[in-house]
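The analysis underlying the following values was restricted to heavy atoms, covering all of them including side chains, and did not include hydrogens, waters or symmetry mates. Sequence lines set the chain letters: A, B, ... in the order given, protein chains first and strands last, and positions in each chain run from 1.
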Protein chains: 2
Amino acid sequence: MDIQLKRGLLDVCVLAAIKNEESYGYKIIKDMKPYMEMSESTLYTILKRLETSGLLEVHSAEHNGRLRKYYRITDAGSKRIDEFRDDWKEIMAIYRFVTREDQIND
Amino acid sequence: MDIQLKRGLLDVCVLAAIKNEESYGYKIIKDMKPYMEMSESTLYTILKRLETSGLLEVHSAEHNGRLRKYYRITDAGSKRIDEFRDDWKEIMAIYRFVTREDQIND
DNA sequence: TGATATACATCGTATCACGAAGTATTCTGT
DNA sequence: ACAGAATACTTCGTGATACGATGTATATCA
């Protein structure tokens, strides 16, 4: 997929990956893989950004003797997903504008 | 609309604005306005980029005593729109992933 | 024992939208 | 005739950001 297009979907995709139950970095990448692939460096950058802006919360917990960082969506994060749903109407209009068939002019 | 999301649609939107008939900067902005607003600096940056990468062609022509730059889509530009159409299937899958209703787990 | 998977982190780079500011002409209202 | 809006294009600086490269550390498995 076009990189620029991906950019607009990444944040909301990560939020969607944790919206039903908390998750952690490595698992998020695997869960998202069928929909969108991303490198680890990209994901951890995004997770940090989403945390800083209050769209998700982090807590560390032990797993197999190691600390693992679990991410949970916040109310603001859920609101972000709702905003995406709202944006979708505009996006569909753009899609139709871009892919409309040429008019027969004469 | 979310800025990042906009980024992914801008190039293809500009191409769509000239795909039926050649156009020029100021007109492109007005034609796109119902779908997406953009500043002049943004548009002219995009036009230059699309020209450099061969997705559109430019020629200057006189209009009311002034030179105006007309942009025309190339075959590569049309192909770019086709690619967007292809990307759409993935985008729809992502949309469903993001907006799917929470499963009832217990 | 060596490779692979898990798990997270940091740094540098290239791309890019946009505001601000500039230049220059034409049109419109008073 | 004059001011201001509209038309038309350009350049510069900035902040945001995806990603490759690289590093650290442990667990699993052949």
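- Counting to the nearest Å, the P atom of C:dT23 and the CG atom of B:Leu67 are 20 Å from each other.
- For A:Arg66 and A:Arg7, each mapped to the nucleotide of DNA chain D holding its nearest heavy atom, the one lying further toward the 5' end belongs to A:Arg7.
- Atom NZ in B:Lys27 sits about 17 Å away from atom C1' in D:dC9, given to the nearest Å.
- Distances from the side chain of A:Met38 to the nucleotides D:dT11, D:dC19, D:dA18 place D:dC19 closest.
- Taking atom CG of B:Leu5 as the reference point, atom P of D:dT17 lies 13 Å away to the nearest angstrom.
- One interatomic measurement links the two molecules: CG of A:Leu10 to C1' of D:dT17, which rounds to 10 Å at whole-angstrom precision.
- With D:dC9, C:dA20, D:dG20 as the candidates, the nucleotide lying closest to the side chain of B:Ser41 is C:dA20.
- At a cut-off of 3.5 angstrom, the base of D:dG20 holds no donor-acceptor pair with the side chain of A:Ser39.
- A donor-acceptor pair under 3.5 Å is formed between the side chain of B:Arg100 and the backbone N or O of B:Phe97.
- Under 4.0 angstrom from either OP1 or OP2 of D:dA8 there lies at least one side-chain N or O belonging to B:Tyr24.
- Taking side-chain N and O atoms only, A:Thr42 has no distance below 4.0 Å to OP1 or OP2 of D:dA18.
- At least one donor-acceptor pair under 3.5 Å links the side chain of B:Thr74 to the backbone N or O of B:Gly54.
- Both A:Ile46 and B:His63 sit near DNA chain D, but only B:His63 has its closest nucleotide nearer the 5' end.
- Between the CD1 atom of B:Ile29 and the C1' atom of C:dG19 there is a distance of 14 Å, given to the nearest Å.
- Atom-to-atom, NZ of B:Lys69 to P of D:dT11 comes out at 8 Å; the value is rounded to the nearest Å.
- Between the P atom of D:dT17 and the NZ atom of A:Lys48 lies a distance of 15 Å, rounded to the nearest Å.
- We find that OH of A:Tyr44 is positioned 19 Å from P of D:dG23, with the value rounded to whole Å.
- The line from NE2 of A:His59 to OH of A:Tyr24 is 12.5 Å long, rounded to the nearest 0.5 Å.
- Close to C:dA5, at under 4.0 Å from its OP1 or OP2, lies no side-chain N or O of A:Lys30.
- The aromatic rings of B:Tyr95 and A:Phe84 are tilted relative to each other, their planes meeting at an angle between 30° and 60°.
- Of the residues near DNA chain C, A:Thr45 and A:Gln4, the one whose nearest nucleotide (by heavy atom distance) lies more toward the 5' end is A:Thr45.
- B:Asp11 pairs in a salt bridge (Lys or Arg N to Asp or Glu O under 4.0 Å) with only one of the listed residues (B:Lys48, B:Lys6, B:Arg80, B:Arg49), which is B:Arg49.
- Note on A:Lys6: every side-chain N or O is 4.0 Å or more away from OP1 and OP2 of D:dT17.
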